[in-house]
Amino acid sequence: MARGKGFDVTRQPGFTTVALLCFVMLYLPIVLLVVFSFNDSTSVAEWGGFSLRWYQSALENERVQEATIRSVIIATAASILATGAAVGAALATTRTRPWRGQTVVFAIVNQPLMVPEIVTAVALLIFFAMIKVATGYTGLWYLIIAHTAFCIPFAFLPIRARLQGMDLTLEQAAADLYATPWQAFRRVTLPQLWPGILAGAMLAFVISLDDVVITEFVKSAGQDTLPTYMLGQLRRVVTPEINAISTALLAVSVLLVMAFFFLSRSRK
Amino acid sequence: MKRLLMTTAALTLSGPALAQELQLYNWGNYTSPEMIEKFEEETGIDVTITDYDSNDTALAKIKAGGHGFDMVVPSATYVPIFIEEGLLMEARPDQMENFEHVAERWRDPEFDPGRRYTVPWQWGTVGMVVDTSVYEGDINTAALFLEPPEELQGKINVIPEMMDVMSIAIYYEGGEQCTQDREVLQKVRDRLLAAKPHWLSIDYGTIEKYAEGDLSAGLYWNGAALRVRLQNPDYAFGYPQTGYPVWSDNLAILADAENVEEAKTFMNFVMEPENAAMLSNFARYANGIAGSEEYMDEVMATAPEVNVPEELAGAGVDSKICPPEAQQIYRAIWTEVLK
Amino acid sequence: MTDIASTRPTSMRDLAAARKREERRTRAFLLAPAMAILIFAASGPLLIVLVYSFLTPGDYGGVVWEFSLKAWFNVFAERDFFTEEIELADAHLSIMWRSIKLSLMTTVICLIIGFPTAYFIATRPRGTRDFWMLLVIIPFWTNLLIRTFAIMELIRNEGTFNSFLVGIGVIDTPIQMMFTEFAVLVGMAYVYLPLMILPIYASMERFDFSLVEAGYDLYATRFQVLRRIILPLVKPGVVAGSILVFVPCLGAYVTPRVLGGGKNMMLGNFIELQFGQGRNWPLGAALALTLLVIVMVALIFYVRAVGREEVRGHG
């Protein structure tokens, strides 16, 4: 086989075409969704000129407003709690010597990633209904705790990765200088850990903001979040208002993900 | 910033707000926003609506407990279950001020003798919605979805209401409501299984999907069919001659409601003819309140979807609850249809 | 002197023991919040599901606290109402089969599209790879419901795709895609594609192309290079990606619900049905656990295929 100068060892026939098509496919539906959210006509398929009317009608829709506020409250609370819990778990699995039972801890932390969401949702429906009947409390905390649980692994991964990648000399030096473990953590570990914590919190926030299935099963009276509200609407009236809400939610997710991306890159 | 967030969270999490509120659990796309607005303005009570899509969903959620709802709107067939399970409050709407407006036909129904628990919300029928530009034949037959003509095959939606679908199919095969006759039921099962491949979906299908042409025919509620026609005049509503269900939905207060006084105020409010008319003008069903007609839109007065043609009125069968043994067989058949 | 010499080793041992205790306490303190939340709201409730699967369904939903094996029996078998014979639960098994079939098909589609894409990214100049990865990650973190909805708008009869084809005159009447298994398949492949690309890319990123060069020096064809050199080395990524796609597909709920039109139910939807219209909570619980078992089998297969060390490395 003769190989000229231009021979590219990395080339595989057709791969580039498939890859570029893949990117088109990934973005075409989303782009169409965004474009049609600015459509003036009531139809979701025919273009009737540029307009912001669907954004306006979404903004004025009381149920959308309430669902949005509720989504943000749940996502904020769940991401703060999950990140706090994840920092502890990450420290325990990186800053102490390996111990027996570590595998169990990993299994429990990663459980929400492995067990199908619908199974957890069913379990929580039954369990929380029992508690609700026993205590009479029906507030938002059920959703917050449920969201916190499945957000923990998402916060845990970037934080643990950051801890593993950190230089231990400074922490050891602090310990040699008689800093208490807490002082060492606050003054030495935490400042280096911040990008990991922020990344973890943002991931947790996006995950919570997007959840449909568990929320749908756990929610009580008047506790629709933006995604469950949309799911309810999808089966009835498909107006471009849903496109507008989607686009707004999309923008939030994209901003957070890009921030996450650059934060987690910054360590390299 | 953090403190601000915490305060907001604390405020929102501390349970019911101080202002008067009412948690209404109702079918989706069924409650007139104008009427709710009027109620809020008149009484200062803040109404929150949560949707459900079937009686069973509502029953399951309420039975599980800890739901936080004050009011629910079950169909007549489910009212006895709700009462029997102790889920409804005996609110005595029959002693309320506006009860005098309730039409004679709905004053003392079998499902709630003497109206001790519920007030009429809306009532209607289940029948065929058909795009007459696609299919020109007779539309007053269940054959449209049980033995679909070629033009409609693959363009049919059937609402996933087990009892309605089963009943219509049973009537079509010559059986009676709640029958446990194996021979009839076997025919029903075979008929449904043979018809299913011609259905596009078994969904609560949106009004828009008919109007925009994703669907051409289906088993649907009469009011929803009227809303389809108002968006696309080609549509008409057919009443299966072999028999079709007549249903009614009824507003009730839940036994563990937290806002009982607000709920009673609301109950009384919807029996006011003007307010009941707002419900009908939105959802396009009749409402069971005498004197509400004069507040209704022009289109309601003449619509064949709401005013059953005389020659077909006799085919209507008031829905009632079937014994558990019958329901068990129906569910087995229905599961096979859904699979 | 002698005193010190004799006491010292003991005190050192004490100190070491004390430090160990201290460390254990710190560890417990650090782990407590995460473990408490996860056991309360994720692992623990699974046990309740197990209990419920052995109870009797209430007439109108819920359970009656009477032990029964009927739910588990019903997962696989049923008594025919007409012939009174016990036979395989055709409805349940065909829904299970559809779930497994569609999940496998989705995995294969994602692999066919995802592998070349990951390869493409891995062979870009170092500086631009991050950009391409960002392009993959953005849809991944976009709301699943929104992406499913976007697909729906694309493939509806009056949707963009059909309007376009009718517009340029390729077809007269729209092609029916909504509410078919095809729609569910397209939706799931679209939604889970990034989960295939990410791990394959991760295993290709550090791929040494001098091996490929050596292959060509030995007169291998491009296909031989792909099959004999590249594929074996990125196998862990391919297996990981396949599992990451397969597992969530099995439990999919939103995509089949929105795109399947109630006629193409998957296990997730069928489980939900038992808690509503089906009025059979124990059966729902038993089906949920059956789904869990299928997923666990897939995960064990994954562990076997990649080896324990790999898994721990990913975890």
Side-chain angles (χ1 to χ4, degrees), chain A residues 1 3 9-10 12-13 15-16 18-19 22-23 26 29-30 32-33 44-45 84-86 88-89 91-92 96 105-106 108-112 114-120 122-127 145-146 148-149 152 181 206 210 212-213 227 230-231 234 242 246 249-250 253-254 257 261 265, chain C residues 23 26-27 30-31 33-35 37-39 41-43 45-46 48-49 52 113 116-117 119-120 123 130 134-135 137-139 141-146 149-151 153-154 158-160 163 193 209 212-213 216 219 222 226 250-251 253-254 258 268 271 275 284-285 288 291-292 295 299 315:
Chain A
M1 187 191 264
R3 284 154 53 192
V9 289
T10 64
Q12 282 292 337
F15 274 29
T16 304
V18 174
C22 171
F23 284 108
L26 276 179
I30 302 181
L32 283 171
L33 184 88
V44 269
L91 282 171
T96 59
V105 169
F106 280 130
I108 294 179
V109 167
N110 286 326
Q111 191 223 326
M114 296 184 295
V115 175
E117 229 193 327
I118 186 86
V119 178
T120 313
V122 163
L124 290 178
L125 170 82
I126 298 174
F127 180 48
I145 294 294
T148 305
I152 285 177
V206 174
D210 285 357
V212 187
V213 179
M230 284 168 59
L231 184 65
L234 266 193
I242 297 284
S246 299
L249 203 53
L250 191 74
S253 296
V254 168
V257 169
F261 190 78
R265 290 284 125 165
Chain C
E23 196 184 72
T26 314
R27 197 157 57 204
L30 288 172
L31 280 174
M35 291 300 113
I37 294 170
L38 284 163
I39 289 171
S43 313
L46 289 181
I48 302 179
V49 177
Y52 263 52
I113 302 173
T117 308
Y119 187 88
F120 169 83
T123 52
D130 276 0
L134 186 63
L135 282 188
I137 290 171
I138 285 176
W141 290 118
T142 302
N143 194 323
L144 181 129
L145 186 63
I146 295 178
F149 176 53
I151 286 286
E153 293 300 277
L154 195 64
E158 308 290 313
T160 320
S163 306
L193 182 58
F209 275 97
V212 174
E213 190 135 27
Y216 286 124
Y219 300 105
R222 288 200 188 271
L226 179 67
L250 266 184
Y253 168 81
V254 172
V258 174
I271 291 170
F275 288 88
L291 171 62
L292 193 59
V295 167
L299 286 176

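Computed from a predicted model, the values in this text were never measured in an experiment. Throughout, a chain's letter reflects where its sequence line sits, starting with A, and its residues are numbered from 1.
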Check whether [X] gets within reach of chain C through its side chain, its backbone, both or neither, counting any heavy atom under 4.5 Å.
X: A:Ile30; answer: both
X: A:Gln111; answer: side chain
X: A:Pro112; answer: side chain
X: A:Val212; answer: side chain
X: A:Leu32; answer: side chain

Could you go through C:Phe120 and A:Phe15, starting from their C-alpha distance and side-chain angles, then the distance that decides it, and tell me whether this counts as side-chain contact (heavy atoms from CB on, under 4.5 Å)? CA-CA 7 Å; C:Phe120 169 83; A:Phe15 274 29; 5.7 Å; no
Compare every heavy atom of [Y] with every heavy atom of [X], then report the nearest pair and how far apart it is.
X: A:Ala89; Y: C:Leu31; answer: CA-CD2, 3.9 Å
X: C:Gly268; Y: A:Ile118; answer: O-CD1, 3.5 Å
X: A:Thr120; Y: C:Ala41; answer: CG2-O, 4.2 Å
X: C:Leu291; Y: C:Gly251; answer: CD2-CA, 4.0 Å
X: A:Leu33; Y: C:Ala150; answer: CD1-CA, 4.2 Å

Most contacts with chain A, counted as non-hydrogen pairs under 4.5 angstrom, among C:Thr142, C:Leu144, C:Thr26: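 Most heavy-atom pairs within the cutoff with chain A belong to C:Thr142.
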Among C:Leu134, C:Leu46, C:Leu299, which residue has the highest count of heavy-atom pairs closer than 4.5 Å to chain A?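 Most heavy-atom pairs within the cutoff with chain A belong to C:Leu134.
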Could you please spell out the steps behind the side-chain contact (heavy atoms from CB on, under 4.5 Å) verdict for A:Leu26 and C:Leu135? CA-CA 9 Å; A:Leu26 276 179; C:Leu135 282 188; over 6 Å; no
Pairs of heavy atoms under 4.5 Å with chain C: top-ranked of [options]:
options: A:Val254, A:Ile126, A:Thr148; value: A:Ile126
options: A:Leu249, A:Val206, A:Val122; value: A:Val122
options: A:Ala146, A:Pro13, A:Pro116, A:Ser253; value: A:Pro116

Hey, does C:Phe149 have a side-chain heavy atom less than 4.5 Å from the side chain of C:Val258? no
Against chain A, label [X] side chain, backbone, both or neither, depending on which of its atoms sit under 4.5 Å from a heavy atom there.
X: C:Leu226; answer: both
X: C:Ile271; answer: side chain
X: C:Leu154; answer: side chain

